[in-house]
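Following: one structure in structure tokens, then a few remarks.
Source: prediction; values computed, not measured. Here is the naming used below: chain letters follow the sequence lines, and residue numbers restart at 1 for every chain.
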2 protein chains.
Amino acid sequence: MAAEQEDLIDALAQVAFVTTGVLSAAASDRDLSLTQARAIGILRDRRLRMSELAQVLGLEKSTLSGLVVRAEKRGLLQRVPDDGDRRAALVTIAPAGARLAQEVRADLEQALAPLIGGLDEGERLQLQALLERMIEHAGTRPETRSS
Amino acid sequence: MAAEQEDLIDALAQVAFVTTGVLSAAASDRDLSLTQARAIGILRDRRLRMSELAQVLGLEKSTLSGLVVRAEKRGLLQRVPDDGDRRAALVTIAPAGARLAQEVRADLEQALAPLIGGLDEGERLQLQALLERMIEHAGTRPETRSS
DNA sequence: TATTGTTATACTCTATAACTATA
DNA sequence: TATAGTTATAGAGTATAACAATA
């Protein structure tokens, strides 16, 4: 059973590299780093504090400051004051950022289509369900680090 | 069906980030970058030319030169001349590199265990088979870029 | 001429430390 | 005192361009 688990981890790692690589390429086609693309993807449907976004992305708060400043200059993100705690800032997506997120997303779908296309409808649902079960258990653990 | 595909892509992306993050953390615990960890992982069971390894990793050849020089100084990798083409160099793993690769691998397994642990034996095999089918189709396309 | 690999250089992303403002 | 965020600085990883050696 040890051997089977190793093979599963190999497969997971390979799919992870392919997926990350495809996303990274789609992002850089639009002069976005992988991290910037993740950020606008995350902020598509919510607004987070700087500290919260930093934690989700696995970045230091100072690193995120720079990222957000650059994105704000390009009109992709926006910082708004948090009523109730005047130290804090909420990061929200700007219209141009939302458009870019959608474009990157479309590219990702197109690039992954050949991989997913080899599976029929039932298999895709099965795969999705298994992956989602994995992610649930990921929530139990501390945030993914990248340091 | 469009909605389902989007959900599958979301799940793929999330699992990819978790997996990459875990590997990155395991690597940096040993002063390896994610790319260096990938390199020693790839070279565990084969030797490649500089140019081939660069292509697999999605790096420029000049970038790989630096990476290999640093790894060679630490005794992790080794360059040997390619008989038959004296321009080329083959990159091989050194004993210390093989040990490190094994350690990183063990950490990766341990960190992913809680995620995989939620699945029973049959589901793990199912997931592995689906992921491997995806990877097959990835081989059809040009190498993953990261530029 | 074309290809393999290295060197020189510059840019981006990241973390650490010191700081300001607010809680 | 502790926390949220910014600024200054330095290190690592990467790409581009120019180059040397071999095919």
Side-chain angles (χ1 to χ4, degrees), chain A residues 17 20-21 23-25 27-40 47-74 76-92 143-147, chain B residues 17 20-21 23-25 27-40 47-74 76-92 143-147:
Chain A
F17 288 133
T20 304
L23 182 54
S24 184
S28 82
D29 284 347
R30 292 170 177 77
D31 286 311
L32 292 171
S33 69
L34 176 61
T35 308
Q36 282 176 317
R38 287 185 66 193
I40 64 176
R47 48 179 55 193
L48 297 175
R49 283 185 166 202
M50 290 289 290
S51 52
E52 292 168 334
L53 182 56
Q55 200 208 1
V56 171
L57 291 172
L59 296 174
E60 286 301 315
K61 55 189 183 174
S62 62
T63 303
L64 184 64
S65 278
L67 186 153
V68 170
V69 165
R70 290 190 293 275
E72 206 169 27
K73 277 182 187 156
R74 288 177 62 183
L76 305 178
L77 297 179
Q78 208 169 354
R79 278 173 296 186
V80 302
D82 180 4
D83 307 333
D85 187 343
R86 292 193 308 189
R87 297 171 302 179
L90 294 171
V91 195
T92 69
E143 273 306 323
T144 301
R145 289 174 302 154
S146 64
S147 60
Chain B
F17 287 135
T20 304
L23 183 52
S24 185
S28 82
D29 283 348
R30 292 170 178 75
D31 287 310
L32 292 171
S33 69
L34 177 61
T35 308
Q36 283 176 317
R38 286 186 66 192
I40 64 175
R47 50 179 54 193
L48 297 175
R49 282 186 165 200
M50 290 289 291
S51 53
E52 293 168 333
L53 182 56
Q55 200 207 1
V56 171
L57 291 172
L59 297 174
E60 286 301 315
K61 55 189 181 173
S62 62
T63 302
L64 184 63
S65 279
L67 186 153
V68 170
V69 165
R70 290 190 293 274
E72 206 170 26
K73 277 181 188 157
R74 287 177 61 183
L76 305 178
L77 297 179
Q78 209 169 353
R79 278 174 295 187
V80 301
D82 179 5
D83 307 332
D85 187 343
R86 292 193 308 189
R87 297 171 301 181
L90 294 171
V91 194
T92 69
E143 272 306 323
T144 301
R145 290 174 302 153
S146 64
S147 62

### Task
Return the value, rounded to whole Å, for the distance between atom CG of B/Leu67 and atom C1' of D/dA12.
11 Å
## Note on the structure
Whichever of B/Ser65 and A/Thr35 has the more 5' nearest nucleotide on DNA chain C, that residue is B/Ser65
## Note on the structure
To the nearest angstrom, the NZ-P distance between A/Lys61 and C/dA18 comes to 13 Å
### Message
For a quick test of reading the model: is some side-chain N or O of B/Arg49 closer than 4.0 Å to OP1 or OP2 of C/dT3?
### Response
no
### Query
Hey, is A/Arg49 close enough to A/Asp85 for a salt bridge, meaning N to O under 4.0 Å?
yes
### Summary
To the nearest angstrom, the CG-P distance between B/Leu57 and D/dG13 comes to 13 Å
### Closest approach of B/Ala27 to B/Ala37 (non-hydrogen atoms, all atoms of both residues)
CB-CB, 3.7 Å
## Note on the structure
When rounded to the nearest 0.5 Å, the distance separating OG1 of A/Thr63 from CG of A/Leu57 is 10.5 Å
#### Entry: Euclidean distance, atom CZ of residue A/Arg74 to atom P of C/dT12 [Å, nearest integer]
12 Å
### Task
Ignoring hydrogens and angles, tell me if any N or O in the side chain of A/Gln36 forms a donor-acceptor pair with the backbone of A/Ala71 under 3.5 Å.
no
### Task
Taking only the side-chain nitrogens and oxygens of B/Ser33, find out if one of them lies under 4.0 Å from OP1 or OP2 of D/dG13.
yes
#### Entry: B/Met50 CE - D/dT22 P separation (whole Å)
17 Å
### Message
I need the CG-P distance between A/Leu64 and C/dT14, as an integer number of Å.
### Response
10 Å
### Message
Using whole Å, what does the distance between atom P of nucleotide D/dT6 and atom CD of A/Glu72 come to?
### Response
9 Å
### Query
Of all the choices, D/dA4, D/dG13, C/dT4, which nucleotide is nearest to the side chain of B/Ser51 once you look at every atom?
C/dT4
### Message
Any side-chain N or O of B/Arg79 below 4.0 angstrom from OP1/OP2 of C/dG5?
### Response
no
### Query
For B/Asp85 and D/dA21, what is the distance between atoms CG and P respectively, to the nearest whole Å?
16 Å
### Rounded distance [0.5 Å steps], CG in B/Leu53 versus CZ in B/Arg38
9.5 Å
### Query
Starting at the 5' end of DNA chain C and moving along, which residue's nearest nucleotide shows up first, A/Arg87 or A/Gln36?
A/Gln36
### Query
Is there a side-chain polar atom (N or O) of B/Ser62 under 4.0 Å from OP1 or OP2 of D/dT16?
no
